[in-house]
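None of these values were measured; they are calculated from a predicted model. Residue numbers begin at 1 in each chain, while the letters A, B, ... track the order of the sequences.
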Amino acid sequence: MSALPLSTLLPVIATISLNHYIAVAGMLFVIGFIGVLLRQNTLVIYMSLELMLNAATLAAVAFSRYNGTMDGNVFVFFIITVAAAEVAVGLAIIVALFRKRHTVQVEELGTLKN
Amino acid sequence: MDYQSLANANTWSAIAPEIALGLLALGLLVLEIVLPRAHHRLIPRAALVGQLALLAGLLFTISRDAGFHGASFGGLLVHSGIGDAFRVFFLLTSTLVTWMGIGALERQTLPRVEFFHIVLVVTGAMMLLVQSHHFVMLFVALETVTVGFYILVSYFRSSTSLEAGLKYLILGALSSAMLTFGIVLLYGVAGNKALPGASANALGFDALHTFLTLNAGNTVAIIGMILVLCGVAFKVGAVPFQIWIPDVYQGASTPITAFLAVGSKAAGFGVLLNLVTQVFPVGDSVLRHGLVFVAGATILFGNLAALTQRNTKRLMGLSGVSHAGYLLLGVTAATYPAAKWASGAVVFYLFVYMAASMAVFGVLSHLAKTDDAGLETDEFVDLGKRSPLLGGVLAVGLGSLAGIPPLAGFIGKVLLFIAAFQAGLYGLLGVAIAGVILSIYYYFGWIKMALFEFTRVVPREPGALELEIRAMPLGGRVTLAVLGLATLVLGFFQGPVSQWLNFG
């Protein structure tokens, strides 16, 4: 299948309204939230967290375009930067924990409890 | 606004304390490279001296009323009296954490300097956080604090410390994601030109406040506000975001537990006070009912869960949840015009809470074993007899946390309760008083274990459960004594402090 030329795609993109973007962002956010609550593998939980941040990013870009202000686009840069820092620290903690315990399953990480 | 006028708004001198902290933090890393290995023990002491000098400078500036007040950096930050109070608060906290950290790290074989570096960076970020007046500034400062704490919680790299770090990481990132999404929703709806009061600067607090007041019933705005408040509620450990507290407090090393319990919580309350009194029109909306409900649930949960707790770090964590509840009571009262002075009462309570908690954590940190997993309350038997200073300071700290007159904690609670009474929050006031009565049970169980011999039911064979008490250097003894004395004196005499904290 050959790629669609941009000239035929643009009218289609133009029909996507703000509500569509926000609906997708909301769904991504909820899927991520449920993933954090229900999944057992720490890495999958971490991916779900990133999904939630990406939902916020998508909504910010869509709002920024719709409102005609650049603040949302600028905020996205900050979100991405912070998410990168979080991942760097988070993966380091997960790796260090895996070396000690040989597991990243949440149900096996229960030393600290009443 | 053109770039020239924006650049003119960069009042660098307004954030001199934060810059000085950052430079001090960097200086520590430089010292590690420059100094020969034999002198590396001096670096933490340099951090301590630097912070004390900065504290003296800050207090001098405040006493001369010479600090910069007003907006700086194009409205990203707003400096005020309450911001200055929080600056002093965070600097005192970090100084005490550094002091505890020196003692705790001497028992470990770990890199030292980074610990103090991150403590300083986090402190600077907390100062900026409570003075932020724009959501991008708030987000970046909050994330600097949070990411710094991920590292600090797992710093000791033991199995429990890393597990605590992972739990804090996952729940912290979850709350950050909620906060971020809330901010984006508020930005989107407040910038929508179809709505009244829409602004091009929708992330700034002033414009947002105008918009939210004009669109009180907007669903998206309400969802956004709730998500932002959820993100902050995680920081202060309010129900239902308190689940991380006992585990993380137990797994982290004691200095970091103290930093979390005092610094991170106070930063959360600084932001919360800003948000509910200046940005979100709480009015008679769903937000106010939510605040009242969460405050009551937090007080009850913290006290009930602490009743059966034997591990001292978990006990401090869960009782800290109840203190977050009392503070939430004050924050809720501050949203009523009748009790505007409640902001000052909240800050006063934070200072009192810091003095008492740091006294208790100082004793805990000194007595901690090598694994630092938290002592059981039973292990404090005879502490008062074997070390009168440690036992006495522990009793004063716990008594103040319980709110026993004439200690400072009593006055702090009375001020919060008067504010709640003036605001007409009678139901919540009843819950809070019931909570205080419950808290006496577990605090006094611990005190009598440490001080009174006759309470022991079964005679103990010598040597059983004997706690090793190390000799304490003079500086440590003086610090503990000052914390205990401050708690005593603030109970009798609040004069200049209450005057300073009267923000109207």
Side-chain angles (χ1 to χ4, degrees), chain A residues 18 22 25-26 28-29 32-33 36-37 42 45-46 48-64 66-72 74-79 81-83 85-90 92-101 104 106 109-114, chain B residues 135-136 139-140 142-144 146-148 150-151 153-154 157-160 162-174 176-185 187-193 198-204 220 227 246-251 305 308-311 314 373:
Chain A
L18 176 69
I22 302 311
L28 281 178
F29 186 79
F33 190 74
V36 174
L37 294 186
T42 311
I45 292 178
Y46 220 67
S48 304
L49 288 167
E50 292 303 312
L51 202 59
M52 291 174 79
L53 281 179
N54 283 338
T57 311
L58 178 64
V61 173
F63 277 132
S64 191
Y66 182 77
N67 291 345
T69 52
M70 286 305 285
D71 295 30
V74 174
F75 190 39
V76 167
F77 282 108
F78 285 103
I79 298 177
T81 314
V82 162
E86 239 174 35
V87 167
V89 171
I93 292 174
I94 293 173
V95 168
L97 188 64
F98 183 78
R99 284 193 184 148
K100 291 259 184 216
R101 298 276 192 92
V104 287
V106 174
L109 296 173
T111 323
L112 297 169
K113 62 179 180 201
N114 276 317
Chain B
F135 265 121
V136 172
F139 175 75
V140 174
L142 188 77
E143 288 304 308
T144 313
T146 313
V147 174
Y150 297 155
I151 305 172
V153 168
S154 18
R157 304 191 66 130
S158 64
S159 181
T160 47
L162 284 168
E163 185 183 324
L166 182 72
K167 287 179 172 171
Y168 190 63
L169 172 76
I170 290 175
L171 291 167
L174 182 68
S176 304
M178 291 166 79
L179 179 91
T180 316
F181 202 74
I183 294 174
V184 168
L185 284 183
Y187 161 71
V189 72
N192 190 336
K193 294 193 188 73
S199 159
N201 182 22
L203 286 166
V220 181
L227 282 174
D247 287 2
V248 173
Y249 278 32
Q250 188 189 356
T308 57
Q309 199 49 253
R310 286 276 167 270
N311 182 299
R314 294 181 83 89

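- Contacts of B:Leu185 with chain A are made by both backbone and side-chain atoms, with heavy-atom separations under 4.5 Å.
- For the set A:Ala59, A:Ser48, A:Ser64, the count of heavy-atom pairs under 4.5 angstrom toward chain B peaks at A:Ser64.
- In this structure, A:Leu37 CG and B:Leu174 CG are separated by 7.0 Å, a value rounded to the nearest 0.5 Å.
- With a threshold of 4.5 angstrom between heavy atoms, B:Tyr150 approaches chain A through its backbone and through its side chain.
- Of the two parts of B:Ser159, the backbone and the side chain both hold a non-hydrogen atom closer than 4.5 Å to a non-hydrogen atom of chain A.
- Here the straight-line distance linking atom OG1 of A:Thr111 with atom CD of B:Gln250 works out to 9.5 Å at 0.5 Å rounding.
- Among B:Thr180, B:Asn311, B:Val147, B:Val248, the residue making the largest number of heavy-atom pairs under 4.5 Å with chain A is B:Thr180.
- Looking only at heavy-atom pairs under 4.5 Å with chain B, the residue among A:Gly26, A:Ala88, A:Gly110, A:Gly68 that has the most is A:Gly110.
- Sorted by first and then second residue, the salt bridge (charged side-chain N to carboxylate O under 4.0 Å, His left out) pairs involving residues 49-61 of chain A (not counting sequence neighbours) form an empty list.
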Would you check, one step at a time, whether the test side chain to side chain contact (heavy atoms under 4.5 Å, CB included) holds for B:Val136 with A:Val74?
CA-CA 9 Å; B:Val136 172; A:Val74 174; 5.8 Å; no
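- Note: B:Tyr187 OH to A:Asp71 CG = 5.5 Å, rounded to the nearest 0.5 Å.
- Counted within 6.0 Å of CZ on A:Arg101, heavy atoms from surrounding residues, nucleotides or ligands total more than 12; the atom is thus considered enclosed.
- In this structure, CG on A:Leu97 lies 9.0 Å from OG on B:Ser154, to the nearest 0.5 angstrom.
- At least one side-chain heavy atom of B:Leu166 sits under 4.5 Å from a side-chain heavy atom of A:Ile94.
- Considering only residues two or more places apart in sequence or on other chains, B:Glu143 meets the salt bridge (Lys or Arg N to Asp or Glu O under 4.0 Å) condition with none of them.
- For the set A:Gly72, A:Ala83, A:Gly32, the entry with the most heavy-atom pairs within less than 4.5 Å of chain B is A:Gly72.
- Contacts between B:Ala198 and chain A at a heavy-atom distance below 4.5 Å are absent for every atom of the residue.
- Among A:Phe75, A:Phe29, A:Phe63, the one residue that satisfies the ring pair (Phe, Tyr, Trp, His ring centres under 6.0 Å) test with B:Phe181 is A:Phe29.
- Atoms CG and CD1, from B:Leu169 and A:Ile45 in turn, are 10.0 Å apart once rounded to the nearest 0.5 Å.
- Chain B forms more heavy-atom pairs under 4.5 Å with one residue of A:Glu86, A:Lys100, A:Met52 than with any other, namely A:Glu86.
- Side chain of B:Lys193 to backbone of A:Asn67: a donor-acceptor contact under 3.5 angstrom is found.
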